[in-house]
Amino acid sequence: MLETFRFTLGTFSCMAIQDDARRYPTAMFLTNLAKDAYEPVLSESGQSSDEVELPYTCLFIDTGRHRVLVDTGMGAPSGKLLALLRTHGIEPGAIDTVVLSHGHPDHVGGCLAEAGKPAFFNARYVMLRKEWDYWMSNPNLAELPVPPEFKHDMLATTLRNLSGVRSQLDLINPETEIVEGINAIAAFGHTPGHMALEISSADRQLLFAADAVVLPLHLQFPETIGVTDHVPSEVVATRLMLLEKAAQQRSLISTSHFPFPGLGYAIESGTRWRWRPVEAVKSAA
Ligand SMILES: [Zn+2]
């Protein structure tokens, strides 16, 4: 199975890394859409409309001056991020910037090493102040239609990981350049302070959308809401904004949960889009 995928963006060398994967009921991510609407789209390409496997993909970017990791995956025991970085000769101490798109456990679960210390001990951990403030308010997560034990586990994992990197944390506002060529974009909705990234090098653009889109179906049906979207009223506007931006700039899009490596383009299709994945096999390393 392909677990890492290297690609270049201008002068940046990048790698998508599959930390982990889980199966979920597809309907979780399309709560306000009838199955009849999306079933034909999936069956056309031989996919089940009952369940979907979501990879948990992290992104590594070597800008030449900085070694940046975007999200840290699930962490121990199931997360493979550290092991996969090492197979490519990247030690945790070599990462100088860790960008956290949002506080969900599949994105911050690997912030700490097993001993409870920051896994990326030389790194500045960067997150939007709004997202940090939300989690640190010890939210009751009443807005999420998920079981209480799911909420409990989510909050415990998130708070443990975020608190553990507090001494290395840099809380920023949107529209901030994190390192040269990597800019934070407000992409609120999935979580209150969810962050996307605009990455550019030598006239090439990459839009990291994180969980503003969770399934490729969100390009065809952007008005849909998932059970882990904290601010449903903002999810759709954010998604439309990002997809319009990416389609206009013809930028490559990087996602956290689309079929690995989660890279592709938003192709305009009527008033909506469809997903054109990059062909993973061609330049896989
Ligand atoms: Zn996620």
Side-chain angles (χ1 to χ4, degrees), residues 3 16-31 51-60 69-76 78-81 84 98-112 125-128 130-132 134-135 139 141 143-147 150-151 153-162 184-197 207-219 222 224-232 234-236 238-239 242-243 253-264 275:
E3 291 177 312
I17 303 165
Q18 185 174 335
D19 175 68
D20 204 350
R22 294 277 193 283
R23 294 190 75 78
Y24 293 97
T26 308
M28 268 179 66
F29 308 101
L30 304 160
T31 58
E51 271 201 334
V52 60
E53 181 168 278
L54 299 192
Y56 294 172
T57 303
C58 304
L59 188 62
F60 169 77
L69 180 66
V70 181
D71 289 335
T72 63
M74 288 293 281
S78 65
K80 289 175 287 188
L81 174 65
L84 290 169
V98 175
V99 181
L100 302 173
S101 65
H102 64 293
H104 282 164
D106 52 317
H107 298 258
V108 304
C111 282
L112 302 180
Y125 283 72
V126 181
M127 136 180 249
L128 290 187
K130 191 174 158 82
E131 182 72 358
W132 169 265
Y134 171 74
W135 291 104
L141 306 178
E143 69 274 25
L144 300 182
V146 295
F150 182 95
K151 295 183 192 189
D153 292 352
M154 174 189 275
L155 191 60
T157 304
T158 297
L159 288 180
R160 181 165 45 81
N161 278 277
L162 293 184
I185 309 177
F188 306 154
H190 179 63
T191 59
H194 183 267
M195 170 167 55
L197 298 172
L207 184 83
F208 169 72
D211 286 11
V213 284
V214 175
L215 306 176
L217 276 178
H218 286 142
L219 276 74
T224 47
I225 302 296
V227 297
T228 56
D229 287 335
H230 293 247
V231 196
E234 294 181 350
V235 165
V236 174
T238 289
R239 187 176 287 151
L242 292 175
L243 291 171
I253 302 172
S254 163
T255 60
S256 302
H257 300 300
F258 284 21
F260 191 77
L263 294 165
W275 179 244

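Here, residue 1 is the first one in the sequence, and each next residue gets the next number. Just follow the structure's listing: the first ligand is 1, and inside any ligand the first atom is 1.
- Between H107 and H102, the angle of the ring planes lies from 30° to 60°, which puts this pair in the tilted group.
- Checking side-chain atoms of H194 against main-chain N and O of D211 turns up a donor-acceptor pair under 3.5 Å.
- A side-chain donor-acceptor contact under 3.5 Å links T255 to the backbone of G262.
- Here the side chain of T158 pairs a donor or acceptor atom with the backbone of G103 at under 3.5 angstrom.
- For the pairing with D19, the side-chain contact (heavy atoms from CB on, under 4.5 Å) check across L84, T72, L81, D106 returns one residue only, L81.
- Looking at residues two or more places apart in sequence or on another chain, you find a side chain to side chain contact (heavy atoms under 4.5 Å, CB included) between T224 and L30, N32, L33, H218, F221, R239.
- Sorted by chain and number, the protein atoms of type N, O or S within less than 2.8 Å of the Zn ion (ligand 1) are D106 OD2, H107 NE2, D211 OD2, H257 NE2.
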